[in-house]
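One structure is given here, and the rest of the page talks about it.
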2 protein chains.
Amino acid sequence: MDQFQHNSAGYLANHMARLFAAGLARRIQPMGLAPAQFMVLLELWHSDGRTQADLTAALDVEQATMANTLKRMERDGLIRRLPSEEDRRARLIHLTDRARALEAEAKAAAGAQNALALAGLDEAERATFTALMRRVIGNMQRG
Amino acid sequence: MDQFQHNSAGYLANHMARLFAAGLARRIQPMGLAPAQFMVLLELWHSDGRTQADLTAALDVEQATMANTLKRMERDGLIRRLPSEEDRRARLIHLTDRARALEAEAKAAAGAQNALALAGLDEAERATFTALMRRVIGNMQRG
DNA sequence: ATTATTTACATAGCACGCTATTTAATTGGA
DNA sequence: TCCAATTAAATAGCGTGCTATGTAAATAAT
């Protein structure tokens, strides 16, 4: 008995993700950023001017989730939307100057949170940890 | 570069937790349950008649989060609240017959989701995985 | 060419996490 | 004893995830 609860992989995954999100939120809040916004910015810092559908696929969230996140980011002056030339249904997402200026500081904040989370794990343990998470993710994506 | 994104522990943790939650939600939805409700039920199946504060501590969520989850569970006929004898501020949370009847089926559903997630991992890998998650959780709790 | 399907995106509504605030009861100190 | 501090719980407001549904544009099929 008590095979679930604080022992199950699912509970631990949820708990760990909440702590990651809370820690990141605390670190990037001074920049006016929220965690999901940061994930979108990572994609756009890497390559700007993409479609909503592209961002949705990159972050593996539902289309409606991305639509709402982008609405908040537009409200907060992090992105602008320009009509696509090729497809009049689509609007390409572009970073604002403000969003571009946040890159280094925000990435440093995320790096600090990851460093805290993984403190005391050597390189082999970190590799094992991420490899195991990837396998578990793969299992659930195929299931 | 690209040290974050699909490679960071934080991203993987979030992704994994979302897949766990979605899988569990799909399995317990036919019983009229949602994931956070299931976590509360696990606590109450283990010992019934506890305070909101006790459940809050057991699941490591904020008091307001638990208050809202319990409100939905009362609405859905999963719990009843009876006044505490010792403390007139507190109301003890009790399972309904309906909630008691769901124990075996809901635990089986959660077990199936965990089995899917951990498929292909042997016992040593599973132990390593949960131990690493616990260490990472500990790091962030102390940080 | 017209119709049907698919695709891109928006919106509504809900679950669940958070912080901040309020109310009522209890406890502790002067 | 009375007042201050703490504690139990509720509520408001928001971010982020989901499903379901609607609308307009593009593509495919007849």
Side-chain angles (χ1 to χ4, degrees), chain A residues 10-11 13-29 32-41 50-57 59-76 78-79 81-93, chain B residues 10-11 13-29 32-41 50-57 59-76 78-79 81-93:
Chain A
Y11 177 80
N14 172 272
H15 197 183
M16 182 171 65
R18 284 192 284 123
L19 289 168
F20 262 115
L24 178 61
R26 184 174 50 79
R27 290 175 198 275
I28 65 182
Q29 184 164 355
L33 296 180
Q37 298 180 350
F38 173 73
M39 296 312 296
V40 173
L41 290 179
R50 298 157 70 181
T51 63
Q52 182 184 118
D54 190 32
L55 294 170
T56 297
L59 295 181
D60 197 19
V61 294
E62 291 302 315
Q63 175 265 324
T65 298
M66 184 56 66
N68 283 324
T69 296
L70 292 174
K71 188 192 294 184
R72 286 188 292 271
M73 293 178 76
E74 190 170 35
R75 177 202 66 191
D76 296 347
L78 294 166
I79 58 165
R81 287 145 135 156
L82 303 179
S84 166
E85 302 286 324
E86 307 111 37
D87 190 333
R88 267 180 303 170
R89 295 168 300 181
R91 297 154 69 197
L92 301 182
I93 315 296
Chain B
Y11 176 80
N14 172 273
H15 197 183
M16 181 170 67
R18 283 191 286 121
L19 289 168
F20 262 116
L24 179 61
R26 184 174 51 79
R27 290 174 197 275
I28 64 181
Q29 184 165 350
L33 296 180
Q37 297 180 352
F38 173 72
M39 296 313 296
V40 172
L41 289 180
R50 298 157 69 180
T51 63
Q52 183 185 118
D54 189 32
L55 294 169
T56 297
L59 295 181
D60 198 19
V61 294
E62 292 302 314
Q63 175 265 323
T65 297
M66 183 56 66
N68 284 324
T69 296
L70 291 175
K71 188 192 294 185
R72 287 188 292 272
M73 293 179 75
E74 189 169 35
R75 176 201 67 190
D76 297 347
L78 293 165
I79 58 163
R81 287 146 135 154
L82 302 179
S84 167
E85 301 288 323
E86 307 110 36
D87 190 334
R88 269 179 303 170
R89 295 168 301 182
R91 298 153 69 197
L92 302 180
I93 315 296

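All figures in this text were calculated on a predicted structure; none of them were measured in a lab. Basis for what follows: all heavy atoms, side chains included, without hydrogens, waters or symmetry-related copies.
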Within the pair [X] and [N], is there a side-chain N or O less than 4.0 Å away from OP1 or OP2?
{"X": "B:Arg91", "N": "D:dA10", "answer": "yes"}
{"X": "A:Lys71", "N": "C:dT11", "answer": "yes"}
{"X": "B:Gln29", "N": "C:dA15", "answer": "no"}
{"X": "B:Thr65", "N": "C:dC18", "answer": "yes"}

I'd like to check [X] versus [Y] (side-chain heavy atoms, cut-off strictly below 4.5 Å). Are they in contact?
{"X": "A:Val40", "Y": "A:Ile93", "value": "no"}
{"X": "B:Arg91", "Y": "B:Gln52", "value": "no"}
{"X": "A:Leu78", "Y": "A:Leu33", "value": "yes"}

In whole angstrom, give the distance that lies between atom [atom1] of [X] and atom [atom2] of [N].
{"X": "A:Met66", "N": "D:dT16", "atom1": "CE", "atom2": "P", "value": "11 Å"}
{"X": "A:Leu78", "N": "D:dG15", "atom1": "CG", "atom2": "C1'", "value": "14 Å"}
{"X": "B:Leu59", "N": "C:dC18", "atom1": "CG", "atom2": "C1'", "value": "16 Å"}
{"X": "A:His15", "N": "C:dC16", "atom1": "NE2", "atom2": "P", "value": "17 Å"}
{"X": "B:Ile28", "N": "C:dA15", "atom1": "CD1", "atom2": "P", "value": "13 Å"}
{"X": "B:Leu19", "N": "D:dG17", "atom1": "CG", "atom2": "C1'", "value": "12 Å"}
{"X": "B:Phe20", "N": "C:dC16", "atom1": "CZ", "atom2": "C1'", "value": "18 Å"}
{"X": "B:Arg26", "N": "C:dA15", "atom1": "CZ", "atom2": "C1'", "value": "18 Å"}

*Cut-off 3.5 Å, side chains only: do B:Asn68 and B:Arg72 have a donor facing an acceptor?*
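There is no such pair (donor and acceptor under 3.5 Å, judged by atom type) between the side chains of B:Asn68 and B:Arg72.
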Quick one: the side chain of [X] and the base of [N], do they pair up donor-acceptor inside 3.5 Å?
{"X": "B:Gln63", "N": "D:dA8", "result": "no"}
{"X": "A:Arg89", "N": "C:dA8", "result": "no"}
{"X": "B:Gln37", "N": "C:dA15", "result": "no"}

*For B:Ala67, report the nucleic acid contact type (base, sugar-phosphate, nothing); a contact means any heavy atom under 4.0 Å.*
base
*Check every strand shown and say whether A:Arg81 touches a base, only sugar-phosphate, or nothing at a heavy-atom separation below 4.0 Å.*
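Counting heavy atoms under 4.0 Å across all strands, the contact made by A:Arg81 is with sugar-phosphate only.
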Consider the side chain of [X], meaning its heavy atoms from C-beta on, and name the nucleotide among [options] that approaches it most closely.
{"X": "A:Arg88", "options": "C:dC9, D:dG17, D:dA26", "answer": "D:dA26"}
{"X": "A:Glu62", "options": "D:dT19, C:dG17, C:dA10", "answer": "D:dT19"}
{"X": "B:Ala34", "options": "C:dC16, D:dG17, C:dG17", "answer": "C:dC16"}
{"X": "B:Ala64", "options": "D:dA9, C:dA20, D:dG15", "answer": "C:dA20"}
{"X": "A:Arg75", "options": "C:dA8, C:dC18, D:dG15", "answer": "D:dG15"}
{"X": "B:Asn68", "options": "D:dG13, D:dT16, D:dA20", "answer": "D:dG13"}

*Which residue lies toward the 5' end of DNA chain C, B:Arg72 or B:Asp87, if each is placed at its nearest nucleotide?*
B:Arg72
*Do any N or O atoms from the side chain of A:Asp87 and from the backbone of A:Arg89 form a donor-acceptor pair under 3.5 angstrom?*
yes
*Just by distance, do the side chain of B:Arg81 and the backbone of B:Glu74 share a donor-acceptor pair under 3.5 Å?*
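No.
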